[in-house]
Structure formats: C-alpha cells, structure tokens
2 protein chains.
Amino acid sequence: MKIDDSKNKQDLQQLIDTQQFVEHISVDCTIFGFDNGILKVLLLKYHDLDVWSLPGGFIFNDEDLSDAASRVLFERTHLSDTFLEQFHTFGQINRTANNAHQILLKHKNIEVPPDHWIFQRFITVGYCSLIDFNLAGTFPNSLNETCAWFEVNKLPKLAFDHERIIEVGLNHIRKNIDTQIVANNLLPEKFTMKDLQTVYETVLDEKYRRNNFQRKILALNILERLEKFFDGSANKAPYLYRFRRKN
Amino acid sequence: MKIDDSKNKQDLQQLIDTQQFVEHISVDCTIFGFDNGILKVLLLKYHDLDVWSLPGGFIFNDEDLSDAASRVLFERTHLSDTFLEQFHTFGQINRTANNAHQILLKHKNIEVPPDHWIFQRFITVGYCSLIDFNLAGTFPNSLNETCAWFEVNKLPKLAFDHERIIEVGLNHIRKNIDTQIVANNLLPEKFTMKDLQTVYETVLDEKYRRNNFQRKILALNILERLEKFFDGSANKAPYLYRFRRKN
DNA sequence: GCAAAAGTGTTCTTTTTACACCCATGG
DNA sequence: CCATGGGTGTAAAAAGAACACTTTTGC
C-alpha cells in the first residue's frame, strides 16, 4: 500500500498534541472475516514498525465508549456502519510493556516528553465484529499504515497483548455466532445456504451435514427464501436467502 | 449498623489525597445472594447519603484490574476469596451525572478542588459473583458505611448508573449459572439436591421438577454423593452432596 | 400405619443426528 | 442421459418432560 510519510508524521503529531482524550483508556477492535474457508483477522502496521496491531485508539472526553470504538474503527480502516460488540476489558499492569508507541515516535523523530499521557498505563476495552471479507477490497489506502488480513492461527508479531485480545475476541465470536451473523454485513444481501454454512464452518471450525444444517437454520425463522441462483454449473440451482427484517 | 463518623471522614480524606490511582477508571462489583428463595444484591450506603451504590473503587497504578476488583470488594465488605467475573464495561459520558461523590464530600465538609480527579469522567468495569447469603452475617460492620441486601426487583435509589449495572450483571449470572455455581462458595460445602435446586430456581426465576432436576445435575458429573442428612422431619432423609475437586 | 418428601423406573414427546431418495441443471 | 449438487422425507438415536411407583422417616 501507498504510504505518504509527511502526512503520516503530521497526523501522529496531531494525536500527540491532543488533550481531549480520556487518559489511561483505549479501545481495540478485533475484526474477523473469512476468505476461502479460512478465518482471518484485520491488522494494521505503521510503515516503519515491525509489529502489527489491532485497529485501536482513544476515547474523546465527550464521547461514549461505544461510539469511540466505532469511530476508531472507521478512522483506521474506513469500515463504516459496522456492528461492534464489546467483549472484554484488559487491565494487566504490564500489558503495554513492549512500548510500541515509543518506538514508533522515535522512528518518526517526533519529540514527546517522557511523562506524556501516551506512555502511561492503558486499560483497553475490546470490541469485536465479523464482517464480509470482500469489504477488504473497499478499504481506502490509509495514509498512515498498512492494512492486512491474517489467518487467526498464523499471526505475525503483535504489539502489546494483542494476541491475547484476539484469542478472547475469537472465543466471543464463536459463542455468539448466531447474533453476530444476523447483525452484520458478513454476507452479501442475498446468499445461498451453502454460503452460510461455509461461514459457520469457518468460524466454528466444525463440519455440518448439508441437510441438517439447512433445517436447523430455517427453524430459526430468520431467513426468507428468494429466487434461485444459477451459476452455470451442471446441477440443481440453490435458492438465495436474505435475513428477515425484524423478528 | 454502627457508624464512627470521625474515622469515616478520615478514610475519605485519605482516599481523596491519594495520587496512586489510575484516573478515569473504576470497578464495581455486583454480588448476588439469595435468602429464602429471593435473589438479592449487596449494596452499600454512606451514612449521610440517601443513595445506595455497588461496592466499587479505584485501581492502583501498580495493580492488575482483576486484582483491584477483589481488593475493592474485600475493603468494602470484607468478603475474601470471592470468585469475581468481569462481565461488562460501562462508558457512557453521562453515567456519573448525579454526582454522588460531590454530595458526599460536601456533607462531610471535606474540601476538594473542583478539578480533582474524583470529579472527572469515570469508565467502570463491572464484576459479578454469586455468594452464599449466609456469609452476610459475617461482614464486619464497616466503619464507613451501611451494608445491606436488597431484592433485585425492589432496589432502592441508586447512585450513577448502578441500576443498569445490576441488570447487566444479573443477566450475566443467569447465562453462566453452571460455572458460577461451581466456582463459588454459594452453598455450604455439603448440601442437599433440594438446596441446589432452590438456588437454580431463585437465580433463573424458573421451576423445575424434582426428579428431572436431580437427573440433569447428576449427569453433569460434578457432584459426589455423601452421607444422608437427617433433619428430624418425618420423611426419607436426602443425601448430601459436594462438588468434586477437579473434573 | 400414615403423611411427607426423597429416590428411582418408565413412558411419552421433542429434538438431534444419520441415511436415503428424488430433483434440477449443463454438458 | 449422466454426473453433480440441492431439496426434502424418514428412520434411528438421544435428550427432555411428564407421570407413577417405591422407599424412608418420625410420629
């Protein structure tokens, strides 16, 4: 991805100068998507750092915690209208031990006094979401950083305790897949039962029988059946489905 | 309960003077117990305030979040070795709108500058637990406050957003009753199946059939059967049970 | 012996899982 | 007409709910 270094530095400087954040608290978003049956998580990396991190940020003084999570995600990935769910708050003393911020700022030659709030202890609130992997193509190239998907069991070197956060976030998603699936733009508006099954199998890392899966899902009464979908292959065309408006 | 007013003021003054807390963050504990089939929650009240609040407090700079929750609970209720589970973090901007702290300090004639950290915005992390109601008798009379159990659907006037916190905490307990029951000292070491059934029925607000409940619980394979318990009544004596050590 | 409450056995129902069959589709 | 994959029917198995019967206890 394209990197504009001067803009990058300017943005960072602005962040550092801001006094409008609630100190000691941050949010981090674990965004899961899947690609060809492989579950992936969205990570960011500043150009000159060798560690990746979750899309995270701070809370404005006059902003609700949940709004901050949505804003932070948008600012860093341009994902909008993403349903985010809070899942856990991480508050170990030493969780930001490998101070990535410090290294980054040094690289950028940005002068920050050592008692600056950004170096203080942070407690972070984790939010998670499941989204359509295809939205990946729509991320605008962020000027600040590289944005990429990683398989959940082939993670790169991560900042702070972000590996742990991903682990806990993934557990949460697995336990709450039913609500997550409905609430999100994980699938295109219309999809086949097989598409949905692939999602379940990828997220839960389990296999289901085609026919029983169909019955189970239809019994939930959350789908409406639409027209058939002809993809040109030599077999019976599957129906398309859509999530019902309300319940 | 007995109140020592000068000690009370002294403690508060000390809290206010402390600079060792992580600003903007607090913990609140929702402790549930049950009494004669009624589910209750433990609340505290400073003597001269008319609002009740959850046992809560702040996090020391050199303390893990979860340790802070345990410490805070112990300091305010003298409950020790209580298994606490984090369930949600509350971060609405206006959640501490009805500033109970301010009123309390004014009552006590403690001078605090208006820009003191205690008046700043706070984001609070909720922890919950289910405990044996009989432990209530063992709370030492806290010098600072009154400590009492309230029925979960007959709550008094509460500080901040504590009513909401209780609601979310109770939901969490209900969803996780199986783990909570085992992890806690909710029941005495030895108990009858009926005792356990009463707990389930009280917490979940549902009725079960005696025989089916017994089968369901025994199938979990978490109990070991002990001797019979004779309470002098004219009927067959029930067995006592105990939670198995490991699994 | 009797009432009360506990333990256990049995049936009925519902849900879940497994297997089977038929149907539509493009080449 | 054939291979492929989708829809639906049905049987077997497991789990859950309801009912009945027997046992133990103190009076």
Side-chain angles (χ1 to χ4, degrees), chain A residues 34 36-37 174-179 181-182 187-244 247, chain B residues 34 36-37 174-179 181-182 187-244 247:
Chain A
F34 73 106
N36 272 326
R174 285 187 167 148
K175 271 194 183 163
N176 301 75
I177 184 168
D178 289 333
T179 35
I181 293 262
V182 181
L187 289 166
E189 199 206 339
K190 300 176 181 183
F191 51 87
T192 66
M193 196 55 79
K194 189 179 179 67
D195 292 336
L196 188 59
Q197 185 172 347
T198 305
V199 173
Y200 269 74
E201 292 184 336
T202 304
V203 173
L204 299 181
D205 199 20
E206 260 182 84
K207 288 287 170 196
Y208 298 96
R209 281 157 199 270
R210 182 176 55 85
N211 48 357
N212 292 338
F213 180 81
Q214 164 139 318
R215 249 189 295 267
K216 178 184 140 185
I217 297 292
L218 290 181
L220 297 176
N221 209 32
I222 52 172
L223 297 185
E224 60 182 310
R225 179 178 278 186
L226 306 170
E227 72 278 8
K228 290 189 171 188
F229 171 65
F230 295 86
D231 70 346
S233 66
N235 52 41
K236 195 170 175 178
Y239 289 104
L240 287 172
Y241 293 88
R242 176 169 58 193
F243 287 111
R244 257 195 239 296
N247 218 349
Chain B
F34 71 107
N36 271 325
R174 284 189 168 147
K175 272 193 184 165
N176 300 75
I177 183 168
D178 288 334
T179 33
I181 293 261
V182 182
L187 289 165
E189 200 207 338
K190 300 176 180 184
F191 51 87
T192 65
M193 196 54 81
K194 189 180 180 67
D195 292 337
L196 187 59
Q197 184 171 348
T198 305
V199 173
Y200 269 75
E201 291 182 342
T202 304
V203 174
L204 299 180
D205 198 18
E206 258 182 86
K207 288 286 169 196
Y208 297 96
R209 279 161 200 272
R210 181 177 55 84
N211 48 357
N212 292 339
F213 179 82
Q214 164 138 320
R215 249 190 295 267
K216 179 185 141 185
I217 296 293
L218 290 181
L220 296 177
N221 209 31
I222 52 174
L223 297 185
E224 60 182 310
R225 181 178 277 184
L226 307 170
E227 72 278 9
K228 291 190 173 189
F229 171 66
F230 296 86
D231 69 347
S233 64
N235 52 43
K236 195 170 175 177
Y239 289 104
L240 287 173
Y241 293 89
R242 174 168 60 191
F243 286 110
R244 256 195 241 292
N247 216 349

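Numbered from 1 within each chain, the chains take letters A, B, ... in sequence-line order.
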Grab the [atom1]-[atom2] distance between [X] and [N] for me, whole Å please.
X: E206(A); N: dT17(C); atom1: CD; atom2: C1'; value: 14 Å
X: L218(B); N: dG9(C); atom1: CG; atom2: P; value: 12 Å
X: Y208(A); N: dA18(C); atom1: OH; atom2: P; value: 12 Å
X: K228(B); N: dT24(D); atom1: NZ; atom2: C1'; value: 6 Å
X: Q197(B); N: dG7(C); atom1: CD; atom2: C1'; value: 13 Å
X: K216(B); N: dG7(C); atom1: NZ; atom2: P; value: 17 Å
X: K236(A); N: dC2(D); atom1: NZ; atom2: C1'; value: 17 Å
X: L240(B); N: dA6(C); atom1: CG; atom2: P; value: 12 Å

- Verify the contact: side-chain N or O of Q214(A) to OP1 or OP2 of dG7(D), cut-off strictly under 4.0 Å; return yes or no. yes
Q: Please determine if a side-chain N or O atom of R209(A) lies less than 4.0 Å away from the OP1 or OP2 oxygen of dT17(C).
A: no
Taking the side chain of N211(A) as heavy atoms from C-beta outward, which of dA18(C), dT8(D), dT25(D) is closest to it?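 From the listed options, dT8(D) comes nearest.
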Of N235(A) and R215(A), the one whose nearest nucleotide on DNA chain D sits closer to the 5' end is N235(A)
*Scan K194(B) against the nucleic acid and name what it touches under 4.0 Å (heavy atoms): base, sugar-phosphate only, or nothing.*
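Sugar-phosphate contact only.
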Report which part of the nucleic acid T192(B) touches: base, sugar-phosphate, or nothing (heavy-atom distance under 4.0 Å, all strands).
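If one applies the 4.0 Å heavy-atom cut-off, T192(B) turns out to touch nothing in the nucleic acid.
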Do Y241(B) and F229(B) make the cut of ring centroids closer than 6.0 angstrom?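 Between Y241(B) and F229(B), the centre distance exceeds or equals 6.0 Å.
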- So, for F243(B) and F191(B), is the gap between ring centers shorter than 6.0 Å? yes
_For the residue pair D195(A) / T192(A), report whether a side-chain donor-acceptor contact shorter than 3.5 Å exists._
yes
message = Can you tell me whether the side chain of R210(A) and the base of dG7(D) have a donor-acceptor pair closer than 3.5 Å?
response = yes
